[in-house]
Colleague: 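Below: one structure in structure tokens.
Note: hydrogens, waters and symmetry copies are ignored here, and every other heavy atom, side chains too, is used.
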Amino acid sequence: MAVALLLLSATASAQLTIPGTNVTYRLNNEDWRYLRTFELPEGGDIYLYCYTGHVLRDQEGDTVLPFLRIYVNKHYRGDLYELVYDRYEKQPYQALKEFSSGDGLPAKGGIGYIGAYTNPADKKDYQFYMTYFVDKGTTVEFRLETTRDTFEEMDFEFKDILSSIR
């Protein structure tokens, strides 16, 4: 499963499908690199990509690697707002804006957020897009994240990926 995802991601502008779902998305260039797949103990997977197109530096001059993390949970039976709250419980964040399917999210009856938090380990501020929806009884979350001071630079890339989700 991860091998097929890896092979597809090596091609620029590849239309990728999340295994076991009808969900497709596109990475428009070779600047996104597949890193690995993590299996979740509760019956799902996390697909992790990072952006390596050009070196991003934050205000302190540190190198920043924006990432795309796709959570797929085949056994989650709560509603989407419960899933959002579960995520919040694991990592508190500030919701800066909420979206729905009519606001540019995929037409999957989903919800999404622009959020921000400060990482206590490195004391840096981060900003992200999160989208949640259900497909074939499987919950899917896309999370695109970078430091808050590089978010505007990555916004087009992030929106391009989000707009490609079908």
Side-chain angles (χ1 to χ4, degrees), residues 1-53 64-91 93 95-117 126-146 151 154-166:
M1 171 164 61
V3 174
L5 195 61
L6 174 60
L7 294 175
L8 286 173
S9 68
T11 306
S13 195
Q15 190 75 15
L16 305 168
T17 301
I18 297 174
T21 72
N22 294 319
V23 178
T24 62
Y25 60 101
R26 184 181 65 251
L27 301 175
N28 280 337
N29 53 54
E30 295 178 5
D31 294 340
W32 288 95
R33 299 281 185 250
Y34 168 79
L35 294 178
R36 66 182 290 194
T37 299
F38 299 93
E39 290 184 24
L40 296 171
E42 63 270 13
D45 298 298
I46 299 173
Y47 303 102
L48 185 60
Y49 295 83
C50 74
Y51 180 81
T52 61
V64 175
L65 285 175
F67 67 87
L68 162 61
R69 190 180 313 158
I70 304 169
Y71 293 89
V72 180
N73 190 324
K74 297 172 177 88
H75 303 295
Y76 190 84
R77 295 299 171 237
D79 69 27
L80 291 180
Y81 283 102
E82 289 171 329
L83 181 59
V84 170
Y85 187 73
D86 287 349
R87 286 278 183 256
Y88 176 81
E89 288 273 296
K90 291 177 184 166
Q91 180 188 37
Y93 61 89
L96 303 175
K97 185 173 183 180
E98 182 176 338
F99 299 95
S100 65
S101 295
D103 297 321
L105 285 182
K108 300 229 179 245
I111 55 173
Y113 294 91
I114 294 178
Y117 69 96
Y126 290 86
Q127 194 164 329
F128 55 87
Y129 282 101
M130 286 189 305
T131 64
Y132 300 88
F133 54 88
V134 177
D135 178 79
K136 292 173 62 172
T138 298
T139 58
V140 179
E141 173 193 337
F142 278 74
R143 182 171 176 143
L144 294 135
E145 181 173 317
T146 190
F151 188 82
M154 290 303 299
D155 195 42
F156 179 79
E157 286 281 335
F158 290 170
K159 285 179 178 173
D160 197 46
I161 292 169
L162 290 173
S163 69
S164 77
I165 301 169
R166 305 280 179 252

Colleague: Does T146 form a side-chain contact (heavy atoms from CB on, under 4.5 Å) with Y51? I'd like the steps, not just the answer.
Modeller: CA-CA 10 Å; T146 190; Y51 180 81; over 6 Å; no

Colleague: Measure up the Y126 and Y117 rings against each other and bin them: parallel (under 30°), tilted (30 to 60°), perpendicular (over 60°).
Modeller: parallel

Colleague: If you define the side chain from C-beta out and look only at heavy atoms, does anything of V140 sit under 4.5 Å from Y25?
Modeller: no

Colleague: Would you say that E141 contacts V84 through its side chain, given a criterion of any heavy-atom pair below 4.5 Å between the two side chains?
Modeller: no

Colleague: For the pair Y49 and I161, evaluate side-chain contact (heavy atoms from CB on, under 4.5 Å) and give the outcome as yes or no after the intermediate values.
Modeller: CA-CA 12 Å; Y49 295 83; I161 292 169; over 6 Å; no

Colleague: Is T139 close to Y132 at the side-chain level, that is, under 4.5 Å between some pair of heavy atoms?
Modeller: no

Colleague: What is the minimum heavy-atom distance between S164 and R26, and which atoms define it?
Modeller: OG-N, 2.8 Å

Colleague: If we ignore hydrogens and angles and just use 3.5 Å, is the side chain of T52 paired with the main-chain N or O of D31 as donor and acceptor?
Modeller: yes

Colleague: Taking the side chain from D79 and the backbone from E82, do they hold a donor-acceptor pair closer than 3.5 Å?
Modeller: yes

Colleague: Take I114 and F99 through the side-chain contact (heavy atoms from CB on, under 4.5 Å) test and state the conclusion after the steps.
Modeller: CA-CA 8 Å; I114 294 178; F99 299 95; 3.5 Å; yes

Colleague: Taking only residues two or more places apart in sequence or in another chain, which ones pass salt bridge (charged side-chain N to carboxylate O under 4.0 Å, His left out) with E157?
Modeller: none

Colleague: Mark yes or no: R87 above the aromatic ring of Y113, with NZ or CZ under 6.0 Å from the six-membered ring centre and no more than 45 degrees from the axis.
Modeller: no

Colleague: Looking only at non-hydrogen atoms, find the nearest pair between Y47 and P19 and report the distance.
Modeller: OH-CD, 3.5 Å

Colleague: Got a sec, which residues hit salt bridge (charged side-chain N to carboxylate O under 4.0 Å, His left out) with D155, two or more places apart in sequence or on another chain?
Modeller: K159

Colleague: What's the shortest heavy-atom distance between I165 and T131, and which atoms?
Modeller: CD1-OG1, 4.4 Å

Colleague: Quickly, which of L48, L162, L27, L35 forms a side-chain contact (heavy atoms from CB on, under 4.5 Å) with L68? Name it, please.
Modeller: L27

Colleague: Does R69 have any salt bridge (charged side-chain N to carboxylate O under 4.0 Å, His left out) partners at least two apart in sequence or in another chain, and if so, which?
Modeller: none

Colleague: Under a 4.5 Å cut-off applied to non-hydrogen side-chain atoms, are L96 and Q127 in contact?
Modeller: yes

Colleague: Parallel, tilted or perpendicular: which fits the ring planes of F158 and Y129, with parallel below 30° and perpendicular above 60°?
Modeller: perpendicular

